[in-house]
Novice: 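Starting off with a structure, shown below.
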Number of protein chains: 2
Amino acid sequence: MPSPGQAPALPDVDAFLHELARLRLLVLLSVVKRADFVYLLRQSGFSRGNLSVQMTKLAEAGLVDIDKSFVDNRPRTAYALTKAGRSALRAYKVSMTALLDALPD
Amino acid sequence: MPSPGQAPALPDVDAFLHELARLRLLVLLSVVKRADFVYLLRQSGFSRGNLSVQMTKLAEAGLVDIDKSFVDNRPRTAYALTKAGRSALRAYKVSMTALLDALPD
DNA sequence: TGAACTAGTTTATGCCATAAACCTGTTTGC
DNA sequence: GCAAACAGGTTTATGGCATAAACTAGTTCA
């Protein structure tokens, strides 16, 4: 069996960000800077319930800000990454890239 | 809110491989080609139960081969990636890299 | 011969992603 | 002006899965 030492030291990866649903939402937000519920709904293809739960969790984790208001008499909820969110995403990208780099090809 | 069209088309990512525990094991296997239970136990730091469950699932999914034998009167279970496993890992790397590339920086 | 160890597997628990049901208000049809 | 449909979410319920704990089978040591 392989001798110790040739084993790559695998980086730690943030499991909360690693969750695909959340990761997608964060990537969307990182690109557009600010997005509302309906926009994320369309772009992600998630159900409204799932989207609501995930955004709430992201907010509780301090990764996104939530801004609720009314536009044309209708509720509008807008989301934006916080600084902590941006920084967490950067760290995730670094660690995940390192993990993928351990793969051949 | 953002206009449609600036939205990145996010790639599909294989959720089975995306699971961190399995991904780590597959990365380890991809590097050393062949490894036994005890080796993976040490390198991964997982519990024996968790390791057993994950390797069984990977085998059921056709991603790894399991080879059981006895060495010095003790059971030895060796694992190796199948061709399908290698190919799935390549595809995962491609899609995940694309997703990470959508992130700024 | 029995206590401790090795190499696993099986069972049980708890979290979490998802979908379904629900809620509050607004617009539209009649 | 009132019921039905719609918009924008939130809350609940459930199923799957990662993990740890308990168990099994066999071996070595004392």
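Naming convention: chains lettered A, B, ... in sequence-line order (proteins, then strands); numbering from 1 in each chain. Fair warning: this is a prediction, and the values are worked out from it, not measured in the lab.
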Novice: Can you tell me the distance, in whole Å, between the CG atom of B:Leu25 and the C1' atom of D:dT19?
Specialist: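 Spelled out: CG on B:Leu25 to C1' on D:dT19 is 13 Å.
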
Novice: If you only use heavy atoms from C-beta on, which nucleotide in C:dG8, C:dA17, D:dA18 is closest to the side chain of A:Lys57?
Specialist: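 My answer, after comparing the listed nucleotides, is C:dA17.
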
Novice: Atom CZ of A:Phe16 and atom C1' of C:dA17: how far apart are they, to the nearest Å?
Specialist: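 Going from CZ in A:Phe16 over to C1' in C:dA17 covers 12 Å.
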
Novice: Taking A:Arg90 for the side chain and B:Pro104 for the main chain, is one N or O donor matched with an acceptor at less than 3.5 Å?
Specialist: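 Here the side-chain-to-backbone pair does not exist.
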
Novice: For the side chain of A:Thr82 and the backbone of A:Gly62, is there at least one donor-acceptor N/O pair under 3.5 Å apart?
Specialist: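 Between the backbone of A:Gly62 and the side chain of A:Thr82 there is a qualifying donor-acceptor contact (under 3.5 Å).
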
Novice: In whole angstrom, give the distance that lies between atom CZ of B:Arg42 and atom P of C:dG8.
Specialist: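 Those two atoms, CZ and P, are 12 Å apart.
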
Novice: Out of C:dA17, D:dT19, C:dT10, which nucleotide sits closest to the side chain of A:Asn50?
Specialist: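 Nearest to the side chain of A:Asn50 among the choices is C:dA17.
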
Novice: Find the distance A:Leu23:CG to C:dA17:P and express it as a whole number of Å.
Specialist: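 The distance from CG of A:Leu23 to P of C:dA17 comes to 12 Å, rounded to the nearest Å.
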
Novice: Give a yes/no answer on whether the side chain of A:Ser52 brings an N or O atom under 4.0 Å of OP1 or OP2 in D:dG9.
Specialist: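 Checking D:dG9 against A:Ser52, no side-chain N or O comes under 4.0 Å of OP1 or OP2.
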
Novice: Would you indicate which nucleotide in D:dA18, C:dA17, C:dA19 comes nearest to any side-chain atom of B:Gln54?
Specialist: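 When the side chain of B:Gln54 is considered, D:dA18 is the closest of D:dA18, C:dA17, C:dA19.
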
Novice: Looking only at side-chain atoms of A:Arg22, point me to the closest of C:dG8, C:dA17, D:dA20.
Specialist: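 Of the candidates, C:dA17 comes closest.
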
Novice: Output the single nucleotide from C:dT18, C:dG8, C:dT10 whose closest atom is nearest the side chain of A:Ala21.
Specialist: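 Given the options C:dT18, C:dG8, C:dT10, the side chain of A:Ala21 is closest to C:dT18.
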
Novice: What's the CG-C1' distance between B:Leu41 and D:dA20, to the nearest Å?
Specialist: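 Answer to the nearest Å: 13 Å.
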
Novice: Please list, pair by pair, any protein nitrogen or oxygen found under 3.5 Å from a nitrogen or oxygen in nucleotides 1-6 of chain C.
Specialist:
residue, atom, partner, partner atom, Å
C:dT6, O4', B:Arg74, NH1, 3.3

Novice: Determine whether A:Tyr79 and B:Leu103 fall in the same hydrophobic cluster, where Ile, Leu, Val, Met, Phe, Trp and Tyr are linked whenever their side-chain heavy atoms lie under 4.5 Å apart.
Specialist: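 Linked within one cluster.
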
Novice: Verify the contact: side-chain N or O of B:Ser47 to OP1 or OP2 of D:dT19, cut-off strictly under 4.0 Å; return yes or no.
Specialist: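 Answer no for this pair, as no side-chain N or O of B:Ser47 is under 4.0 Å from OP1 or OP2.
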
Novice: B:Glu19 CD to D:dC17 C1': how many Å, rounded?
Specialist: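 It is 7 Å, rounded to the nearest whole Å.
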
Novice: Report which part of the nucleic acid A:Thr56 touches: base, sugar-phosphate, or nothing (heavy-atom distance under 4.0 Å, all strands).
Specialist: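 A:Thr56: no heavy atom of the nucleic acid under 4.0 Å.
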
Novice: Would you say A:His18's side chain and A:Tyr92's backbone share a donor-acceptor pair under 3.5 angstrom?
Specialist: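 Side chain of A:His18 to backbone of A:Tyr92: no pair is present.
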
Novice: Specify the residues of residues 59-72 of chain A, ordered by number, for which at least one heavy atom lies under 4.0 angstrom from an atom of DNA chain D.
Specialist: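 Here the set is A:Lys68.
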
